[in-house]
Amino acid sequence: MTELSFQPLTPALGAVVEGLRLDQPLAETARQQVHAALLKHQILFFREQSLTPRQHRDFAARFGDLHVHPIYPNVPDQQEILVLDTHADNLPDNDNWHIDVTFIETPPLGAILAAKQLPPTGGDTLWASAAAAFDALSAPLQKLLIGLTAEHDFAKSFPASRHTLTPAAKAQWEATRTKHPPLTHPVVRTHPESGRKSLFVNEGFTTRINELSQRESDALLAFLFVHIARPEFTLRWHWREGDVAFWDNRITQHYAVADYLPHRRVMHRATILGDRPF
């Protein structure tokens with residue numbers, strides 16, 4: 001049996017994995033260890049990896065079916081691997097706290113991000129434990145939130161003003177808008193495997209709390225967005241080329257720091273489909 005080591009990074013979340021090459025076929029015993037560590041640490045980091053897009057896809061597929069993003073470009077002939085290529089002519093749009101793809105009925109279980117090209121400095125990513133953030137709330141506020149639902153809208157992170165600049169882009173955006181109208185998820189999600197509760201509203205896609213007036217919703221969401229980002233719930237990862245991050249999208253949020261322009265940053269991501277939040 002392959003024995004891996006997991007070095008915790010912060011009390012809230014994160015661990016570095018040693019002893020595993022992701023460009024090799026993943027043995028079932030190793031897959032089980034990685035899965036268990038993901039549940040425990042919420043995000044795992046692998047240093048000094050060298051993944052082709054096919055190897056990236058194959059590793060991610062060991063943990064579930066993969067999502068094909070409706071807007072972001074993907075690797076030619078490898079549609080499950082999306083490309084985040086940001087620079088002065090394609091500005092970053094992930095510089096907010098978000099949970100990936102909450103605009104679908106079954107938001108992702110997780111995502112696996114690989115650093116391909118990095119700026120000379122900057123370009124870090126922050127992750128936050130939405131479970132630690134929920135645990136830190138007072139009992140009365142926890143009770144209130146558990147009874148609420150919120151609307152998530154694709155267009156909040158993918159506005160028409162940015163994504164309809166050419167006829168082809170406009171057609172793609174309009175097709176995505178039609179396929180993905182706003183939908184509702186619980187404000188507090190129960191993790192389907194660990195049973196932990198976590199905040200499931202995010203600045204990237206959540207537009208309002210359904211049971212409240214607009215003013216009440218705006219005030220409560222503003223508080224929760226700030227609360228989630230408190231430093232004690234977070235970690236900050238300084239990327240090196242070849243780094244790979246695997247996070248549990250059901251219980252974390254993340255923020256890509258946009259401090260490197262006019263330099264370029266290229267990342268590849270595989271996204272693993274999950275289940276309906278409850």
Side-chain angles (χ1 to χ4, degrees), residues 12-13 42-43 70-71 91-111 125-163 176-177 180-192 196-236 247-258 271 274-278:
L13 77 170
Q42 303 175 49
I43 177 167
I71 294 295
L91 299 177
D93 62 358
N94 285 318
D95 51 338
N96 56 51
W97 284 103
H98 63 282
I99 308 168
D100 284 335
V101 199
T102 61
F103 59 83
I104 64 175
E105 294 282 352
T106 55
L109 173 158
T125 304
L126 292 85
W127 277 268
S129 171
F134 175 78
D135 290 345
L137 295 172
S138 66
L141 186 51
Q142 289 180 347
K143 183 177 180 180
L144 169 67
L145 295 176
I146 288 172
L148 301 176
T149 64
E151 182 180 271
H152 294 244
D153 190 349
F154 143 84
K156 189 178 182 186
S157 271
F158 298 96
S161 58
R162 171 167 176 157
H163 294 279
T176 304
R177 168 80 291 176
H180 297 293
L183 52 72
T184 291
H185 293 307
V187 168
V188 176
R189 176 175 188 168
T190 301
H191 195 287
R196 291 191 71 183
K197 294 190 181 302
S198 65
L199 295 173
F200 203 68
V201 292
N202 71 97
E203 189 178 0
F205 295 111
T206 307
T207 53
R208 65 163 296 152
I209 296 175
N210 296 309
E211 294 79 9
L212 304 182
S213 70
Q214 189 66 58
R215 290 180 66 186
E216 291 171 334
S217 172
D218 290 346
L220 185 51
L221 285 176
F223 165 75
L224 293 175
F225 294 158
V226 171
H227 175 73
I228 287 164
R230 283 172 55 181
E232 54 265 46
F233 310 144
T234 71
L235 66 78
R236 182 172 184 142
W247 66 92
D248 190 332
N249 195 64
R250 301 165 293 189
I251 202 169
T252 64
Q253 302 195 16
H254 56 286
Y255 185 118
V257 181
T271 309
D275 50 18
R276 186 186 299 271
F278 63 90

task = Let me see the working for Phe103 and His180 under ring-ring contact (aromatic ring centres under 6.0 Å, His included), right down to the final yes or no.
result = CA-CA 7 Å; Phe103 59 83; His180 297 293; 5.3 Å; yes

query = Does Gln142 reach the main-chain N or O of Phe134 with its side chain, forming a donor-acceptor pair under 3.5 Å?
reply = yes

message = For the backbone of Pro108 and the side chain of Asn249, can you confirm whether one donor and one acceptor N or O come within less than 3.5 Å of each other?
response = yes

message = Looking at every heavy atom in both Thr252 and Asp248, which two are closest together, and how far apart are they?
response = OG1-O, 2.8 Å

request  = Please name the pair of heavy atoms, one in Ile209 and one in Ser217, separated by the smallest distance, quoted to 0.1 Å.
outcome  = N-OG, 2.7 Å

Sidechain-backbone polar pair: Ser157 side chain, Gly204 backbone, donor-acceptor under 3.5 Å = yes

message = Between His185 (side chain only) and Ile104 (backbone N and O only), is there a donor and an acceptor less than 3.5 Å apart?
response = yes

inquiry  = Below 30° counts as parallel, above 60° as perpendicular, anything between as tilted: where do the rings of Trp247 and His254 land?
reply    = tilted

ask   = Can a salt bridge be assigned to the pair Arg250 and Asp275 using a cut-off of 4.0 Å between side-chain N and carboxylate O?
value = no

request  = Any chance you could lay out the side chain to side chain contact (heavy atoms under 4.5 Å, CB included) test for Ile251 and Leu13, step after step, and finish with the verdict?
outcome  = CA-CA 10 Å; Ile251 202 169; Leu13 77 170; over 6 Å; no

query = Going by the angle between their ring planes, with limits at 30° and 60°, are His152 and Phe200 parallel, tilted or perpendicular?
reply = tilted

query = Does the Gln42 side chain pair with the main chain of Ala128, one donor and one acceptor, at a distance under 3.5 Å?
reply = no

ask   = Does the distance from a Lys or Arg side-chain N to an Asp or Glu carboxylate O, for Arg208 and Glu151, drop under 4.0 Å?
value = no

ask   = When you check the side-chain N and O atoms of Thr184 and Asn210, is any donor under 3.5 Å from an acceptor?
value = yes

